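Scroll down for the structure; my scribbles are underneath it.
In this text, all values refer to a predicted model and were calculated from it rather than measured experimentally. Per chain, numbering begins at 1; letters A, B, ... match sequence-line order.
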Amino acid sequence: GAVVSQHPSRVICKSGTSVKIECRSLDFQATTMFWYRQFPKQSLMLMATSNEGSKATYEQGVEKDKFLINHASLTLSTLTVTSAHPEDSSFYICSAPDWTGSRYEQYFGPGTRLTVT
Amino acid sequence: QQQVKQSPQSLIVQKGGISIINCAYENTAFDYFPWYQQFPGKGPALLIAIRPDVSEKKEGRFTISFNKSAKQFSLHIMDSQPGDSATYFCAATATGNQFYFGTGTSLTVIP
C-alpha cells in the first residue's frame, strides 16, 4: 500500500514557541491531506483538510491562526503549531487518500507526539 | 453528531477466542467502510475494508460482516492472539470525501 511519512515523530518545545510538522506521501501524489489530533484513548479528531494549491479547510472550533497548514506540493503538507501552549500537547496524525484502481483508501502517517512544556 | 457509532469501548478476549466489534452509521451515501488497527504511539493502519455491494469480506483471521439494510457492519477477529491487542477504529466515507471514524475499541487478548 501507499506510504505516508511524518517528521518529526516526537518533539518537545517550550511554551510560546512554534513547531512545524511535515507530512509526506512517499510513493503517490496527494492533492488532499488530512490532519488529525488524537487525545489519549480517544478517537481521531479531524482538524483540517489540506488542499494543494489552495487554502486549507478547517473544522469548526479549530483556530486557523494557531494551526497553520501549508500544502506546498503534491507530496508535502505541513502543520505549524504557533505560540504553542501545554494544552496543545497531543498526538498529531496526518493522512492522505489514494486511488488504487477503483479503490479509494486513506493512508495514515505514523504520527507526531508534541509535548509543550 | 457522531456519524459512526462504535461499540464496545473496550473488549477483553481469551487467546483463541473471537473478538467482535460493531459499528453503525446513518448516512446512506457512505460507500466504503474500512477498519483500522492502531498500536500505542503509532498511526492507524488499514486492516480490512468493505463496500456495500458485498455482505462479507474475509482476509485471514479478520472478517467484516456488512448489513446494508440495518446500516451496520462489524469486525470479527477469529483465533484472537495477544499480538492483536490494539485499538480498532471503524470508519465510513462516501468515496472521495472525508472519512468519519468511530470512537475506537480497545482490545486486550489475554494469553
Side-chain angles (χ1 to χ4, degrees), chain A residues 1-11 21 23-26 30-51 56-60 62 90-115, chain B residues 1-12 21-25 29-54 57 59 64 85-108:
Chain A
V3 178
V4 175
S5 71
Q6 270 184 255
H7 178 79
S9 58
R10 278 180 188 275
V11 58
I21 303 169
C23 177
R24 294 181 184 272
S25 55
L26 295 186
T31 56
T32 299
M33 292 185 176
F34 300 99
W35 285 96
Y36 297 86
R37 184 173 180 176
Q38 188 177 35
F39 293 101
K41 299 187 185 300
Q42 293 192 23
S43 188
L44 295 87
M45 182 189 79
L46 180 65
M47 298 175 65
T49 301
S50 173
N51 304 297
T57 305
Y58 289 82
E59 295 299 302
Q60 191 174 9
V62 177
S90 192
F91 193 51
Y92 293 88
I93 307 171
C94 70
S95 72
D98 188 32
W99 288 91
T100 306
S102 61
R103 290 166 52 188
Y104 177 72
E105 296 187 357
Q106 184 165 193
Y107 298 95
F108 287 89
T112 297
R113 171 73 60 194
L114 170 62
T115 303
Chain B
Q1 181 185 0
Q2 190 73 29
Q3 295 272 356
V4 179
K5 296 181 180 179
Q6 182 173 345
S7 64
Q9 185 175 1
S10 63
L11 182 61
I12 300 174
I21 305 171
N22 302 298
C23 285
Y25 65 98
F30 290 154
D31 60 1
Y32 179 66
F33 304 89
W35 284 89
Y36 294 89
Q37 179 188 56
Q38 185 180 29
F39 292 104
K42 305 293 184 182
L46 178 65
L47 190 62
I48 187 173
I50 197 168
R51 293 199 177 275
D53 51 347
V54 296
K57 183 174 181 180
E59 290 184 2
I64 299 179
S85 298
T87 300
Y88 293 81
F89 293 97
C90 63
T93 185
T95 299
N97 293 290
Q98 174 186 339
F99 281 64
Y100 295 91
F101 292 89
T103 49
T105 296
S106 176
L107 171 66
T108 302

Report summary line: CG (A:Leu44) and OG1 (B:Thr103) are apart, to the nearest 0.5 Å, by 11.5 Å
Query raised in the report: Distance from A:Phe108 atom CZ to B:Phe99 atom CZ, nearest 0.5 Å?
Result: 7.5 Å
**Report entry** Part of B:Gln6 within contact of chain A (heavy atom distance under 4.5 Å)
**Finding:** neither
Query raised in the report: What are the two closest heavy atoms between A:Gln38 and B:Phe89, and how far apart are they?
Result: NE2-CZ, 3.5 Å
Query raised in the report: Would you say the side-chain atoms of A:Ser43 pair up with the backbone N or O of B:Gly104, donor to acceptor, closer than 3.5 Å?
Result: no
Requested in this report: Please state whether the side chain, the backbone, both or neither of B:Pro34 comes within less than 4.5 Å of a heavy atom of chain A.
Outcome: neither
Query raised in the report: Say you draw a straight line from OH of B:Tyr32 to CD of A:Glu105; how long is it, rounded to the nearest 0.5 Å?
Result: 3.5 Å
Report summary line: Between the OG1 atom in B:Thr87 and the NZ atom in A:Lys41, the distance rounded to the nearest 0.5 Å is 7.0 Å
Report summary line: Bottom line for B:Tyr36: the part with an atom under 4.5 Å from chain A's heavy atoms is side chain
Report summary line: One option among B:Ser106, B:Ser10, B:Gly41 has the most heavy-atom pairs under 4.5 Å with chain A, and it is B:Gly41
Query - Heavy atoms from other residues, nucleotides or ligands near NZ of B:Lys42 exceed 12 (cutoff 6.0 Å) - result: no
Query raised in the report: If you tally heavy-atom pairs under 4.5 Å against chain B, which of A:Ser9, A:Gly111, A:Pro110, A:Cys94 wins?
Result: A:Pro110
Query raised in the report: Can you list the steps and then say if B:Gln98 with A:Thr49 is a side-chain contact (heavy atoms from CB on, under 4.5 Å)?
Result: CA-CA 9 Å; B:Gln98 174 186 339; A:Thr49 301; 5.7 Å; no
Query - Toward chain B, the part of A:Gln42 with a non-hydrogen atom under 4.5 Å - result: backbone
